[in-house]
Protein chains: 2
Amino acid sequence: MTVRVAIIEDDRDIRQLLQILIDGSPGFACRQTWESCETGIPGLVEDPPDLVLMDIDLPKMSGIEGVVKIRELLPQLAVLMLSVHEDDDAVFQSLCAGAVGYLVKGLPPVQLLDAIREASAGGSPMSPSIARKVVRSFHSGEQNPLSQREIEVLRMLCDGENYRTIADALFVSANTVKAHIKNIYEKLQVHTRAEAVGKAIKDRLLR
Amino acid sequence: MTVRVAIIEDDRDIRQLLQILIDGSPGFACRQTWESCETGIPGLVEDPPDLVLMDIDLPKMSGIEGVVKIRELLPQLAVLMLSVHEDDDAVFQSLCAGAVGYLVKGLPPVQLLDAIREASAGGSPMSPSIARKVVRSFHSGEQNPLSQREIEVLRMLCDGENYRTIADALFVSANTVKAHIKNIYEKLQVHTRAEAVGKAIKDRLLR
DNA sequence: CTGTCAATCGCGCATTTGGGTAGTTTCTCA
DNA sequence: TGAGAAACTACCCAAATGCGCGATTGACAG
């Protein structure tokens with residue numbers, strides 16, 4: 001089971017160095033390298049590898065835009081970002097855009113191959129500080145001021161239910177639901193269902 | 001800079017083993033241990049440590065509920081979960097609830113201390129497969145079928161704007177906005193603004 | 001024991017919304 | 001060149017919504 005790796009990296013030296021390292025390691029093959037997303041992405045589509053190493057700082061189309069494009073065209077293809085800086089915010093953006101992990105340029109060959117192996121095995125190699133950043137973005141920011149009942153109602157608002165349906169589901173009258181929603185509006189400082197849903201999800205009061 | 005660690009774990013043996021290991025290691029101190037959230041959380045509030053090891057499977061209040069409670073009372077306190085299973089879904093839930101990472105019971109002492117160190121240094125120790133699960137939850141599922149204009153409108157729906165306001169902002173008539181929203185509904189298979197916003201954010205068509 | 005707050009219920013009314021129908025224009029892509 | 005889309009405009013009308021004014025009950029804290 002050889003892992004076929006492709007590389008998109010504008011620096012010729014780094015590109016060749018990576019290719020030689022990867023192609024020379026048992027279990028890995030690197031036969032496709034490009035210097036830009038513009039040339040590389042069509043190449044990927046033509047003959048999809050198992051994994052792509054994508055430089056994050058590319059001229060013209062950036063690596064992040066590249067990830068977005070690749071996920072449109074080849075949703076199954078794993079993309080591993082290459083970054084100069086350990087904790088670049090761009091790395092975080094890349095993960096949001098669809099990258100599975102990232103490598104730091106200048107990483108010792110052994111660790112680099114470890115990371116590629118981890119990624120191709122379904123992992124997500126990343127540095128501790130990025131990991132924390134990623135995990136933190138899960139955490140709810142502020143304490144939600146909503147009561148249990150209000151959260152139930154809010155959940156149903158997200159699904160587009162109306163007074164009647166919510167009332168039936170909660171075994172109360174539509175007027176009660178109306179009252180709850182009014183209270184939700186006040187607590188969240190909003191005036192419509194759509195805004196309440198938007199704010200609730202952004203503030204992670206839900207899900 | 002000694003890292004003060006507290007432990008909440010119902011199994012007496014594991015609890016003592018962990019305490020001895022941690023307390024006996026240079027740079028770490030463990031003077032607080034409890035067998036449940038009910039007793040432990042008040043104790044944490046009284047004298048907050050730097051980090052808590054929290055068993056995920058506790059009788060009565062689970063570790064996950066415990067994390068939620070702790071984040072309400074002590075938002076700055078890092079919680080590291082203890083799990084029996086490598087890839088328990090509960091681990092993922094814990095991270096969502098606010099844990100910074102987790103440890104697997106039976107991890108070699110060296111790696112266990114490494115993980116605690118990583119967590120207290122601002123990292124998020126977790127296994128590769130959980131990392132991928134976490135990262136994947138960032139990725140947008142499907143390609144969004146909305147046009148550019150529709151996305152603009154959808155954004156404003158999230159803010160609770162009405163036809164009139166959106167129309168003014170986009171320099172078009174309210175009827176046009178209405179038409180756009182109608183198309184959005186059809187593409188997203190929804191029938192109300194709230195549902196559209198909920199679906200759009202869940203499917204990561206926005207933000 | 002008093003006050004606050006969640007949860008429950010009610011009604012009227014102006015406004016907004018959603019659904020239907022019916023077009024024009026512009027632009028891309030086959 | 002012709003089909004399809006995106007973007008734009010307009011009207012009607014029933015239904016849903018938001019907001020105003022109430023109200024009672026029970027639990028829980030000070």
State whether A:K105 and A:D55 are salt-bridged, where the test is any N-O pair (Lys NZ or Arg NE/NH1/NH2 against Asp/Glu carboxylate O) under 4.0 Å. yes

How close or far is atom P of D:dA6 from atom CD of B:E152, stated in whole angstroms? 14 Å

Regarding the side chain of B:S173, the nearest nucleotide among D:dG18, D:dA10, C:dC9 is D:dA10

Taking every heavy atom of A:V84 against every heavy atom of A:V104, the minimum-distance pair comes out as O-CG1, 3.8 Å

Can you tell me how far P of D:dC8 sits from CD of B:E150, to the nearest Å? 10 Å

Closest non-hydrogen atom pair, A:A194 against B:R193: CB-CB, 3.8 Å

Separation of A:M156 atom CE from D:dT17 atom P, in whole Å? 12 Å

In plain terms, say whether B:R12 and B:E35 are close enough for a salt bridge, that is, a side-chain N and a carboxylate O under 4.0 Å apart. no

Which nucleotide in the list C:dT17, D:dT9, C:dT8 gets nearest to the side chain of B:Y163? C:dT17

What's the CD1-P distance between A:I166 and D:dG18, to the nearest Å? 10 Å

Is it true that B:N162 and B:T165 share a donor-acceptor pair across their side chains at a distance under 3.5 Å? yes

Rounded to the Å, how far apart are A:E161 CD and D:dT17 P? 10 Å

Going through the checks in order, is the side chain to side chain contact (heavy atoms under 4.5 Å, CB included) test met by B:I8 and B:L44? CA-CA 10 Å; B:I8 300 180; B:L44 292 174; 4.1 Å; yes

Heavy atoms from other residues, nucleotides or ligands near CD of A:Q16 exceed 12 (cutoff 6.0 Å): yes

In terms of side-chain geometry, is the basic nitrogen of A:E152 or A:R149 positioned less than 4.0 Å from the acidic oxygen of its partner? yes

For B:R193, which contact category applies under a 4.0 Å heavy-atom criterion: base, sugar-phosphate, or nothing? sugar-phosphate

What integer distance in Å separates A:Q148:CD from D:dC28:P? 15 Å

OP1 or OP2 of C:dT8 sitting under 4.0 Å from any side-chain N/O of A:R149? yes

Under a 4.0 Å heavy-atom cut-off, which of residues 174-189 of chain B touch DNA chain D? B:N175, B:T176, B:K178, B:A179, B:H180, B:K187

If an axis is fit to five pairs at each end of the helix from C:dC1-D:dG30 to C:dA30-D:dT1, what is the angle between the two, to the nearest 10°? 70°

Starting at CG of A:L146 and ending at C1' of C:dA7, how long is that distance when rounded to a whole Å? 14 Å

When rounded to whole Å, the CD to P distance for the pair B:E195 and C:dT17 reads 16 Å

Do NZ/NE/NH1/NH2 and the carboxylate oxygens of A:D168 and A:R164 come within less than 4.0 Å? yes

